[in-house]
Protein chains: 2
Amino acid sequence: METIKPQKSLVDQTYEILLNAICTGEFAPGTRLNQDELAARLNVSRQPVNSAISILRTNRLVVDTGRRGVVVAEPDISLFQSIYEFRSVIEPLAVQLACTRLPADAAPEAEEILIRGERAVATRDTKALLEADIDFHQMLYRWSGNPVIDTSMQLNWHHIRRSMVEVLKTPLAAVSSWAEHRNIARAVLSGDTTAATEAMRHHINHANEKITATLADRRDPK
Amino acid sequence: METIKPQKSLVDQTYEILLNAICTGEFAPGTRLNQDELAARLNVSRQPVNSAISILRTNRLVVDTGRRGVVVAEPDISLFQSIYEFRSVIEPLAVQLACTRLPADAAPEAEEILIRGERAVATRDTKALLEADIDFHQMLYRWSGNPVIDTSMQLNWHHIRRSMVEVLKTPLAAVSSWAEHRNIARAVLSGDTTAATEAMRHHINHANEKITATLADRRDPK
DNA sequence: ATGTTGAATTTCGTATACGAAATTTGCAAT
DNA sequence: ATTGCAAATTTCGTATACGAAATTCAACAT
C-alpha cells in the first residue's frame, strides 16, 4: 500500500528552487541572495526563504559575507579536485558493495539509464547526458545499500553540477566517456567485484582528468 | 592580522545546543522536539528553534513524524555499520593524502593529542578519550587538505558519538585501542604512505569489530 | 465497557512586525 | 575633487501573530 505524502513545506520547496538556480548557474557565483526579493519572486514570506538559506549555508553552497546576507559560493577548482579524490575511493566502494547486494530488478533499471545516456550522446544533448550520469551513479549508491555513501555524494553532486555548467560549454566529445558506464554495469550485474571496482576506478580517474583539463583550459585558455 | 568574528546567530547557537543534547543522549531517541518548550527553555523565540530543527532534519538527526513536528532519530546499528564501511576507505585516503601534505608543526600537534588520549586511558576517563579520538581523526582530515573528507566525516562523527553513548557504558578496555593511534601518527609523520594506510585500515576494522560486538551485546545480552 | 463525534486545545508552518546593523545618500568642509 | 559625517534607507535577524491541521478529551450512543 502507498503512504500519504504530506505536501512539501515552503521551506523545502524554496530550498530546492534556490539549490537548482545555484547549480544550473542561473545564480552566478558571487550573487547576493536578497531575502525580500526572493520572497516576492516566489510568492512566499521571508521566513521560509530565511530558513532555506540557513540550509544552503550548512551545505556550503552559499557563504556568509559577514556583513549583510549571503552570496553564492565560488565553485573553486580545488574543491572539485577534492571531490574527485573523494570519489576515487567512494565510487569503487559503492560498486563493491553493490556487487553483493544487487536488487532483483537491477538489470532493466541499469539498461534504461544506459540507453538514455547513449541517446543523449547521439543527440548531443549535454543536459540529458549529465542527468543520466547522475542517475547512473545514484543507482549504484542505492544498490550499495549504504545510506552514508548516498547522502554524502548527494551533496557532492550539487557541487559537480555547478562545475559542469562551465565544462558543458565545450564540445561534448571532449568530456564524455559514456561507454565506460556500460562496462561498469556489466561487471556489477555479473557480480565480478574486482572487475567492477577496477572499471570504476578507471572511470573516475578518466573523468577527473578530462574535466580538470577542460576547467583549467577555460580558466586559462591558450 | 585577526578578523572580527560576528557573534553567532541564535539559529546557530540553538542548532549546536540541540545537536549536543542529541549526541550526548540527553535527548533520547524518539523524543519529540517541542518548539514552544525549547524556545522557552533557551530564552529565544520559536523562529530560531524552527530553523535549527530544519537543519537537524537535513542532517538526519531528527526525523519527521508526518503529523506533528519531529522526533530524535533512532541510532540504528545498520547506519553505524554503514559509517564504518565508509570510514574503511575514507580514513585510509585521509592518511594517504596527509602523508604528502604535512603541515610544519604536525609532530607537536599529534603528540599533544596522543598524550591526552594516553592520560584518558590511564584515568579511565571515557569522555576525554572519545574527545581525543575525535580530535585525532579530525586532525588527519585537516592534514589531508581535503575539505570534502572533513565535512562528510563531521556529520558521521555526530552519529558515532550518539552510538558511543551506549558503548561507553561498558568497561573502557573492551573498546579502546588507543595505542594504534600512535602507530598511525608515527607512519604519517615519517611519510610512509603504505604503512600509514595499512595501520589505519587495521585500526578502523578493529574499532568496528569491537564496537559492533559491544552494541550487539547490549541489545541482546547473553 | 466500548465506540463515536465534535468541541477545546495544542502545536506547527507561515506571515507580518519591529529593532538593529550596515549601507547608501546628501551635503558641507577642506 | 575629495573627505567627513549624519540622516535616510535597506536588509537582515528575531519576535510576535494568526490560521490550519492534528490531537486530546468529554459527552453521548451503543
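Nearer to the 5' terminus of DNA chain D, by closest-nucleotide assignment, is the contact made by A/Gly69 (compared with the other of A/Gly69 and B/Arg46). With DNA chain C read from its 5' end, the first of the two nearest nucleotides for A/Arg32 and A/Leu10 is the one closest to A/Leu10.
We find that CD of A/Gln47 is positioned 16 Å from P of D/dC18, with the value rounded to whole Å. Per the geometry, CG belonging to B/Asp36 stands 11 Å off P belonging to C/dG13, to the nearest Å. Rounded to an integer number of Å, the gap from B/Leu38 CG to C/dG13 P is 13 Å. B/Gln35 has its CD atom 15 Å from the P atom of D/dT14, to the nearest Å. Distance, A/Asp64 CG to D/dC12 C1': 11 Å, rounded to whole Å. Atom CG in B/Leu33 sits about 11 Å away from atom P in C/dG13, given to the nearest Å. Here the P atom of nucleotide D/dT14 and the CG atom of B/Asn43 are 14 Å apart, to the nearest Å. Counting to the nearest Å, the P atom of C/dC12 and the CZ atom of B/Arg68 are 7 Å from each other.
Using a 4.0 Å heavy-atom distance criterion, A/Ile53 is classed as making no nucleic acid contact.
The main-chain N or O of A/Leu97 is found under 3.5 Å from a side-chain atom of A/Thr100 such that the two form a donor-acceptor pair. Under a 3.5 Å cut-off, the side chain of B/Thr212 and the backbone N or O of B/Glu209 do not form any donor-acceptor pair.
Residue A/Val11 places its side chain closer to C/dT14 than to any other of C/dC12, C/dA22, C/dT14. Here the side chain of B/Val44 is nearest to one of D/dT14, C/dT10, D/dA15, namely D/dA15.
You'll find the side chain of A/His137 stays beyond 4.5 Å of the side chain of A/Met153, heavy atoms only.
Taking 4.0 angstrom as the limit, A/Asn50 places a side-chain polar atom (N or O) nearer than this to OP1 or OP2 of D/dG13.
In this structure, a donor-acceptor pair under 3.5 Å is absent between the side chains of B/Asn34 and B/Arg68. Looking only at atom types and distance, the side chain of B/Asn146 has no donor-acceptor partner in the side chain of B/Ser144 under 3.5 Å away.
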